[in-house]
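Here's the structure, in structure tokens; my notes come after.
Residue numbers begin at 1 in each chain, while the letters A, B, ... track the order of the sequences. If you're wondering where the values come from, they're calculated on a predicted model, not measured in any experiment.
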Amino acid sequence: MESKYGLIAKFQTKRKPSPVIFNNKNGASEPKRISLSNDQTFDKNKNKIKLSMQEQRQRLPIYEKRNKLLELIRRHSTLIILGETGSGKTTQIPQYINSARLQNNGKIAITQPRRVAAISVAIRVAQEIGDGLGVGETVGYTVRFEDVTSPRTKIKYLTDGMLLREAMVDNLLMEYTVIILDEAHERTIHTDVLFGIVKQAQKTREEKKLRPLKILVMSATMDVDHFSEYFNNCQAVYLEGRTYPVNVYYTLTPHEDYQTACVATFFKIHKQAPSNHDVLIFLTGQEEIEAVAQQIRVLARDPDVGGPAVKVCPLYASQPTTQQMAVFQPAPENTRKVIIGTNVAETSITISGVRYVIDSGMVKARTYHPATGLDMLKVQRISQEQSWQRTGRAGREAEGFCYRIYTRSQYESLQKSTIPEIQRANLSTVAIQLLALGIHAVYFDFMDKPLKDSITAAFEQLKLLGAVDGVESKCLTSLGKKMVQFPLDPRFSKIILSASEYGCVEEILSIVALLSGESIFVNAPSKREQAFTARQKFLSPYGDHLTLLNAFRVYNKLSSNNQRSWCHEHYIHMRNISYAAQVRNQLLEICQRLEIPIVSCGNNTDQVRKCLVTGLFTNVAELHKEKQYITVDKRQVVSIHPSSILHGQQPHFVLFTEVVQTAKFWHSKDFQIYGCSTLKIKQ
DNA sequence: CTAAGTATA
């Protein structure tokens, strides 16, 4: 098998990839999911007609159906609304309900899987509603760290995770008379749990003759029957979107080396398409994206290749924000922009100007193995749903083209839908949250049941942590009740709750906060050397946890106007470290509420490592032979990930935060452990 | 031949 590093070398010798042959038919024979609309406001020409906000609202395809929709919502206690991209369902439906006062004296909740979406939609709707009051009054939002609502708020946008938190305080969600679960097709773990909670709340409120709860489930057009069946065969209504047709092409033969095929396809497009038509390539990860970006840059400079200049924009979530912004800036005159992205570009980030999509057909996805307790991050084929999602990205503003680096029959053999997150995640957080609501996960009404083994594994972990007395237990111990207060994996909640015993609450709060977000260390492949050198300043011989703490201690002593430049100099991720500081504040508040004394161990940081073991006791590995470790718990062979400070050293015992298998095939030596600390076991 | 998809509380 050829490695992706070999490819760079091959391309640097300016050899061009061989052409990829596509079929000539477009995707018109595919299920018709992409429909045409002639709306002028979407024209990309420069004399765009300026419309008032109210005119814009009236031009949305949903506007004509307003009365019909309201009638359906009034009549049904549960309704499924299928809406294509651009139908305006997220912004308009809550306003329609509000102006018809269907919520009576309660509130309308609309959940979103992502914070940015909840915030930006709320701001938009607050403007549209035109009462001049701005966000936080009639229309508000609630996300972690930010509650922009008032007692007068009628329409409240929130993240699905936030509504789940609220349900843990009041499982009947009495504050709301209408709950809209938006983007339900994404099937986030939080939305899946909310399905059951909201359904039960509606039933209980009816039985107890409390004020009724109306449920709207909004989704892209997929798997209606599945949703409807779960919600007692409720009715579904379809809303037309506003997108343009996309011509879909398949390769005639399978391409195992999808990276090279993507590059070749890009240059095929590059030669013929006008330079202001941007291209979006879907690939799987940072390393791969940077490699392909480099190949395209090199080839684009080759005079033999021809075509306009090329601006290459890599796009993945862990990029520094400034780099990510480059994606939104239009390319200069006579220059083609090509965005090479992960699945962030599928849902989270929308880029205008894209007319061509190249879909590798691959995605990196996480799966959880209850038997071993191990996570895998594996490159695998996308689902058919996902491939249409990617295709749709070419038709947001005008007719587009999508080149699929797989054959039609390969497409047909893809699984129809993506496996919902709840079926491929560690369930200990879900299990403890449901217990706080008095429900054992085994008896919970899931739309798609998680694996029995996953639930069992979760309960075994909760038992070891002392959150429950037994795996059948339907209530939490007093420790468990404290643990569930924290917005954390139960293992980390446990560590915080043990910290006062070890006299290191200050330090543990910092470390847990740092571990609960993304890495604060910048890890761009091109700057690896410099980043490594800069990191030496914070290095602790005891490993990554204390190294993180050292960096965080320095950061906290800086005045706020020095933080940015300090982060830049030390290859620290500004966004991630300031996020960790916010998380720490939140955790600190919870500790104060629980009356935990906030003590520090100063330089006696041995206490910190001892304390970490109280939650991560299953995450211990022993040196087995040269560079090879074996986990004490499940006897799995692992090795230290190169990002760890302890990589290259061989302490006898290590404590780690996480194990992940990253390679394409199942070789035991491919399991790597992240976030390592040395561990001396005293006799 | 050393390198983590995306979210969230």
Query - Nearest-angstrom distance from the residue atom CD of A:Glu288 to P of B:dT2 - result: 19 Å
Query raised in the report: Are A:Ile340 and A:Val312 close enough that some pair of their side-chain heavy atoms sits under 4.5 Å apart?
Result: yes
Query raised in the report: Closest nucleotide of DNA chain B for A:Thr142 versus for A:His647: which of these residues is on the 5' side?
Result: A:His647
Report task. Respond yes when some side-chain nitrogen or oxygen of A:Thr188 is under 4.0 Å from OP1 or OP2 of B:dT8, and no when none is. Result -> no
Query raised in the report: B:dT6 C1' sits how many Å from A:Ile189 CD1, rounded?
Result: 13 Å
Query raised in the report: Of all the nucleotides listed (B:dA9, B:dG5, B:dA3), which has the minimum atom distance to the side chain of A:Arg144?
Result: B:dA9
Report task. From the options A:Gln112, A:Glu146, A:Lys156, select the one residue that forms a side chain to side chain donor-acceptor pair (under 3.5 Å) with A:Tyr141. Result -> A:Glu146
Query raised in the report: Does A:Lys378 put a side-chain nitrogen or oxygen below 4.0 Å from OP1 or OP2 of B:dG5?
Result: no
Query raised in the report: Which part of the nucleic acid does A:Gln286 contact within heavy-atom distance under 4.0 Å: base, sugar-phosphate only, or nothing?
Result: sugar-phosphate
Query raised in the report: Atom NZ of A:Lys364 and atom C1' of B:dG5: how far apart are they, to the nearest Å?
Result: 7 Å
Query raised in the report: Please give, in whole Å, the distance from B:dT6 P to A:Asp192 CG?
Result: 21 Å
Query raised in the report: Counting only heavy atoms not in A:Met174, do more than 12 fall under 6.0 Å of its CE?
Result: yes
Report task. For A:Arg114, answer base if it contacts any base atom (sugar-phosphate contacts may also be present), sugar-phosphate if it contacts only those atoms, and nothing otherwise; contact means non-hydrogen atoms under 4.0 Å. Result -> sugar-phosphate
Query raised in the report: Using a cut-off of 4.0 Å on non-hydrogen atoms, how would the nucleic acid contact of A:Val660 be classed: base, sugar-phosphate, or nothing?
Result: nothing
Query raised in the report: If you look at every strand shown and take non-hydrogen atoms under 4.0 Å, does A:Tyr316 touch a base, only sugar-phosphate, or nothing?
Result: sugar-phosphate
Query - Per A:Val344 side chain, nearest of listed nucleotides B:dA4, B:dA7, B:dA9 - result: B:dA7
Requested in this report: Output the single nucleotide from B:dT8, B:dG5, B:dA7 whose closest atom is nearest the side chain of A:Ser348.
Outcome: B:dA7
Query raised in the report: Between atom CZ in A:Phe521 and atom P in B:dT2, what is the gap in whole Å?
Result: 23 Å
Query raised in the report: Should the pair A:Phe195 and A:Phe227 be assigned to parallel (<30°), tilted (30 to 60°) or perpendicular (>60°) ring geometry?
Result: perpendicular
Query raised in the report: Which of the following nucleotides, B:dT2, B:dA7, B:dA3, is nearest to the side chain of A:Glu287?
Result: B:dA3
Report summary line: Per nearest nucleotide of DNA chain B, the residue lying toward the 5' end, A:Pro113 or A:Arg424, is A:Arg424
Query raised in the report: Using a cut-off of 4.0 Å on non-hydrogen atoms, how would the nucleic acid contact of A:Asn523 be classed: base, sugar-phosphate, or nothing?
Result: base
Requested in this report: Using a 4.0 Å heavy-atom cut-off across all strands, classify A:Leu488 as base, sugar-phosphate, or nothing.
Outcome: base
Query raised in the report: Counting any heavy atom closer than 4.0 Å, what does A:Val583 reach on the DNA or RNA strands: base, sugar-phosphate only, or nothing?
Result: nothing
Requested in this report: Supply the atom-to-atom distance A:Leu434 CG to A:Ile439 CD1, rounded to the nearest 0.5 angstrom.
Outcome: 5.5 Å
**Report entry** Donor-acceptor pair under 3.5 Å, A:Arg165 side chain vs B:dA9 base
**Finding:** no
Query raised in the report: Given B:dA9, is OP1 or OP2 found less than 4.0 Å from the side-chain N or O atoms of A:Thr159?
Result: yes
Query raised in the report: How close or far is atom C1' of B:dA7 from atom CD1 of A:Ile349, stated in whole angstroms?
Result: 12 Å
Query raised in the report: B:dA9 P sits how many Å from A:Phe492 CZ, rounded?
Result: 18 Å
Query raised in the report: In whole angstrom, what separates A:Asp489's CG from B:dA7's P?
Result: 19 Å
Report summary line: Heavy-atom nearest pair, A:Arg424 first then A:Thr418, reads NH2-CG2, 4.3 Å
